[in-house]
Amino acid sequence: MKVILLQTDICWADPAANVAYMDKLISAHAQDTDLFVLPEMFSTGFCTSPEGIAESSDSATLQWMKQKAAERNCAIAGSVSVEENGKFYNRFYFVHPDGNVQWYNKKHLFTYGGEDKHYTAGQERVVVNFRGVRFLLEVCYDLRFPVWSRNRGDYDAAIYVASWPSPRVEAWKALLRARAIENQCYVLGVNRVGKDPYCEYSGGTAGIDPYGRTLSACTDGEEGFAEVVIDMEELQSFRKKFPVLNDADSFTLN
């Protein structure tokens, strides 16, 4: 499976401009791409005070994701600030080419930045099956919580979309590798670049294999893309030869 990770700058609180830009970037890539992954809150920037900025649960952004996925016969994934029934969610959409939409509402809200004061935390772990690969959907701060991310034998690749600020980018890079190694999976980490009214972002977008090796990465501080090929035969062979997950500690989440 061929995946493109898009490391982009984002216009603050301007969904129309951001969607037009993402459309242009996706259109520039080859037709054989299976999945495009966009950063956290790619249509607005990371808005911890979403009033007047968040989009509806049937927004023009989501409609574009459906249209583009159908047009390109691919999946498109990324998170959006959503208002639904009087509540706000940091919602990670995974849009299939047939129009099917699956989503994950971010569980670990970023209290340091005040996200928890406005958004409602999700409680459901979401794994998406697409073209023979099982993807765990995660958002930014989730990366710091390995119990929530622990592979229970139910996924092959974890996707982390983020607006992870520059001062802590080394933690981002280290944790992406750790999640890949400990969960014996591919990890796709997509972070933005540029500035918003509150933070500066330097990227660190990368695809990591189950050994913890970087398959492809974007240049820090610059817009660009990383192309990653997920090889399920290689993954299954590695897991069979070295069955680490069979020895994992058992646990339950409250």
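Only heavy atoms go into these numbers, but all of them, side chains included; no hydrogens, no water, no symmetry mates.
Note on Arg239 versus Asp156: salt bridge recorded, some NZ/NE/NH1/NH2 to OD/OE distance being below 4.0 Å.
Scored by the side-chain contact (heavy atoms from CB on, under 4.5 Å) test, Tyr211 finds Asp209, Arg213, Glu234, Phe238 as partners (sequence neighbours excluded). Taking the side-chain contact (heavy atoms from CB on, under 4.5 Å) definition, one finds that Glu182 meets it with Pro146, Arg179, sequence neighbours left out. Every residue two or more places apart in sequence or in another chain that forms a side-chain contact (heavy atoms from CB on, under 4.5 Å) with Ala69 is listed here: Ile76, Val95. Residues satisfying the side-chain hydrogen bond (donor to acceptor under 3.5 Å, both in side chains) criterion with Tyr119, sequence neighbours excluded, are Ser81. Under the rule for a salt bridge (charged side-chain N to carboxylate O under 4.0 Å, His left out), the partners of Lys173 that lie at least two apart in sequence or sit in another chain are Glu170, Asp220. For the side-chain contact (heavy atoms from CB on, under 4.5 Å) test, residues two or more places apart in sequence or in another chain that qualify with Thr219 are Glu222. For the side-chain hydrogen bond (donor to acceptor under 3.5 Å, both in side chains) test, no residue two or more places apart in sequence or in another chain qualifies with Arg150. Remark: Asp32 pairs with Lys2 by the salt bridge (charged side-chain N to carboxylate O under 4.0 Å, His left out) rule, at least two apart or across chains.
For the pair Ser166 (side chain) and Glu200 (backbone), a donor-acceptor distance under 3.5 Å is present.
Surrounding CZ of Phe251 are more than 12 heavy atoms belonging to other residues, nucleotides or ligands, all under 6.0 Å away. Surrounding CZ of Arg177 are at most 12 heavy atoms belonging to other residues, nucleotides or ligands under 6.0 Å away. At most 12 heavy atoms of other shown residues, nucleotides or ligands fall within 6.0 angstrom of atom CD in Glu124. With a 6.0 Å radius and a threshold of 12 heavy atoms from other residues, nucleotides or ligands, Glu51 has its CD atom above the threshold.
For the residue pair His108 and Glu138, no side-chain donor N or O sits within less than 3.5 Å of a side-chain acceptor on the partner. For the residue pair Asp58 / Gln63, a side-chain donor-acceptor distance below 3.5 Å is found, with atom types taken as modelled.
Grouped by direct or indirect side-chain proximity (heavy atoms under 4.5 Å, Ile/Leu/Val/Met/Phe/Trp/Tyr only), Ile208 sits with Leu143, Tyr160, Trp164, Val169, Trp172, Leu175, Leu176, Val187. Think of Leu136 as one node in a network of Ile, Leu, Val, Met, Phe, Trp and Tyr side chains linked at under 4.5 Å; its network also takes in Val127, Tyr155.
We find the CZ-CD1 distance between Phe36 and Ile4 to be 6.0 Å, quoted to the nearest 0.5 Å. Separation of atoms CZ (Arg91) and OG (Ser57) is listed at 6.5 Å; rounding is to 0.5 Å.
Sorted by first then second residue, the side-chain hydrogen bond (donor to acceptor under 3.5 Å, both in side chains) pairs that include residues 9-26, not counting sequence neighbours, are Asp9-Arg192, Tyr21-Glu223, Asp23-Trp64, Asp23-Lys68. Every pair passing side-chain hydrogen bond (donor to acceptor under 3.5 Å, both in side chains) that includes a residue from residues 34-46 is listed here, sequence neighbours excluded: Asp34-Arg131, Glu40-Asn90, Glu40-Lys106, Ser43-Glu55.
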